[in-house]
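Taking it in order: structure first as structure tokens, then the write-up.
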Amino acid sequence: VQLQAFGGGLVQAGGSLRLSCAASGRTFSSHSMGWFRQAPGKEREFVAVISWSSSSTVYADSVKGRFTISRDDAKNMVYLQMNSLKPEDTAVYHCAATTLGPGVMTYRYEYWGQGTQVTVSS
């Protein structure tokens with residue numbers, strides 16, 4: 001599975017962005033898909049994950065109620081709708097895929113895409 005995230009940009013605090021992740025490969029629908037982010041000088045952290053069947057989603061406490069993860073298996077796409085953005089959401093956002101079921105740890109993910117920069121100004 002090859003992944004490419006896009007849709008980042010510069011937005012003011014309180015604004016919204018929608019990130020997209022395009023996946024290649026016929027087995028996309030069998031993978032749980034996650035979003036992670038990494039701010040300068042910090043470790044990569046979990047943001048959200050959606051199971052292969054879309055039956056389960058998990059969010060980091062820091063984004064719960066503001067971010068929504070979704071997927072469209074017909075288009076091999078995963079999305080992250082980000083609302084009420086805060087300056088602390090500034091980071092490079094990466095999408096990732098795993099066959100191990102939805103998880104919050106980076107080591108569970110076998111495939112990673114290049115990130116997209118999100119910058120939230122105060």
Side-chain angles (χ1 to χ4, degrees):
V1 176
Q2 292 184 320
L3 306 172
Q4 179 65 54
F6 56 95
L10 174 63
V11 64
Q12 288 188 330
S16 298
L17 278 176
R18 187 196 197 202
L19 303 184
S20 300
C21 176
S24 63
R26 294 177 294 175
T27 60
F28 169 78
S29 61
S30 66
H31 289 71
S32 293
M33 300 297 298
W35 285 97
F36 291 76
R37 66 187 182 187
Q38 188 165 18
K42 294 187 177 181
E43 292 187 354
R44 190 169 295 186
E45 65 173 3
F46 168 76
V47 175
V49 61
I50 186 166
S51 65
W52 65 272
S53 62
S54 298
S55 62
S56 174
T57 57
V58 180
Y59 297 91
D61 288 343
S62 59
V63 307
K64 202 171 294 183
R66 299 189 297 122
F67 291 10
T68 302
I69 188 171
S70 61
R71 64 189 296 162
D72 184 338
D73 289 344
K75 297 181 179 179
N76 277 16
M77 295 289 294
V78 180
Y79 307 100
L80 186 68
Q81 178 66 43
M82 305 186 296
N83 299 329
S84 302
L85 282 162
K86 305 175 181 180
E88 51 264 43
D89 294 318
T90 295
V92 176
Y93 284 71
H94 299 266
C95 57
T98 179
T99 56
L100 300 178
V104 305
M105 304 303 290
T106 57
Y107 68 78
R108 291 178 60 88
Y109 289 78
E110 300 125 296
Y111 307 98
W112 291 85
Q114 289 185 320
T116 184
Q117 175 71 47
V118 172
T119 302
V120 184
S121 62
S122 56

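As the structure is a prediction and not an experimental result, all values here were calculated from the model. Both backbone and side-chain heavy atoms feed into the values below; hydrogens, waters and symmetry mates do not. Numbers here simply count residues along the sequence, with the first being 1.
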Flag, side chain of [X] to backbone of [Y], donor-acceptor distance under 3.5 Å:
X	Y	answer
His94	Gln114	no
Tyr59	Ile69	yes
Thr57	Ile50	no
Asn76	Ala22	no

If you draw a 6.0 Å radius around CD in Gln81, do more than 12 non-hydrogen atoms from other residues or ligands fall strictly inside?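 More than 12 within 6.0 Å, yes.
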
Neighbour count >12 (heavy atoms, 6.0 Å) for atom CD, Glu45: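 Correct, the count exceeds 12.
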
Pick one: which of Tyr109, Tyr111, Trp52 meets ring pair (Phe, Tyr, Trp, His ring centres under 6.0 Å) with His31?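 The single option meeting the ring pair (Phe, Tyr, Trp, His ring centres under 6.0 Å) with His31 is Tyr111.
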
Contact summary for [X] and [Y], nearest pair of heavy atoms:
X	Y	result
Ser122	Pro87	CB-CG, 3.8 Å
Thr116	Gly8	OG1-N, 3.0 Å
Arg37	Ser62	NH2-OG, 3.4 Å

Would you say the side chain of [Y] lies within less than 4.5 Å of the side chain of [X], judging by non-hydrogen atoms?
X	Y	answer
Gln4	Cys21	no
Leu85	Leu17	yes
Thr68	Met82	no
Leu19	Phe6	no

Val1 and Val49: same hydrophobic cluster, using ILVMFWY side-chain contacts below 4.5 Å?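 No, because Val1 and Val49 fall into different hydrophobic clusters, even though each may have its own neighbours under 4.5 Å.
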
What about Tyr93 and Val58, same hydrophobic cluster or not, with Ile/Leu/Val/Met/Phe/Trp/Tyr joined at side-chain heavy-atom distances under 4.5 Å?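 No, because Tyr93 and Val58 fall into different hydrophobic clusters, even though each may have its own neighbours under 4.5 Å.
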
Please, which pairs that meet salt bridge (Lys or Arg N to Asp or Glu O under 4.0 Å) have at least one residue in residues 103-121, sequence neighbours excluded?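 Salt bridge (Lys or Arg N to Asp or Glu O under 4.0 Å) check on residues 103-121 returns no pairs.
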
Qualifying residues under side-chain contact (heavy atoms from CB on, under 4.5 Å), relative to Ser55, sequence neighbours excluded: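 Partners of Ser55 under the side-chain contact (heavy atoms from CB on, under 4.5 Å) test: Ser51, Ser53.
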
When rounded to the nearest 0.5 angstrom, what distance separates [atom1] in [X] from [atom2] in [Y]?
X	Y	atom1	atom2	result
Ser84	Phe67	OG	CZ	9.0 Å
Phe28	Lys75	CZ	NZ	12.5 Å
Met33	Leu80	CE	CG	11.5 Å

Quick one: list whatever passes salt bridge (Lys or Arg N to Asp or Glu O under 4.0 Å) with [X], sequence neighbours left out.
X	answer
Arg66	Asp89
Glu88	none
Asp73	Arg71

Partner set under side chain to side chain donor-acceptor pair (under 3.5 Å) for Thr27, not counting sequence neighbours: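 Thr27: no side chain to side chain donor-acceptor pair (under 3.5 Å) contacts found.
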
Would you call the rings of Phe46 and Phe36 parallel, tilted or perpendicular, taking 30° and 60° as the class edges?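 Phe46 vs Phe36 ring planes: perpendicular.
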
Could you go through the side chain to side chain contact (heavy atoms under 4.5 Å, CB included) check for Ser32 and Thr98 one step at a time? CA-CA 5 Å; Ser32 293; Thr98 179; 3.9 Å; yes

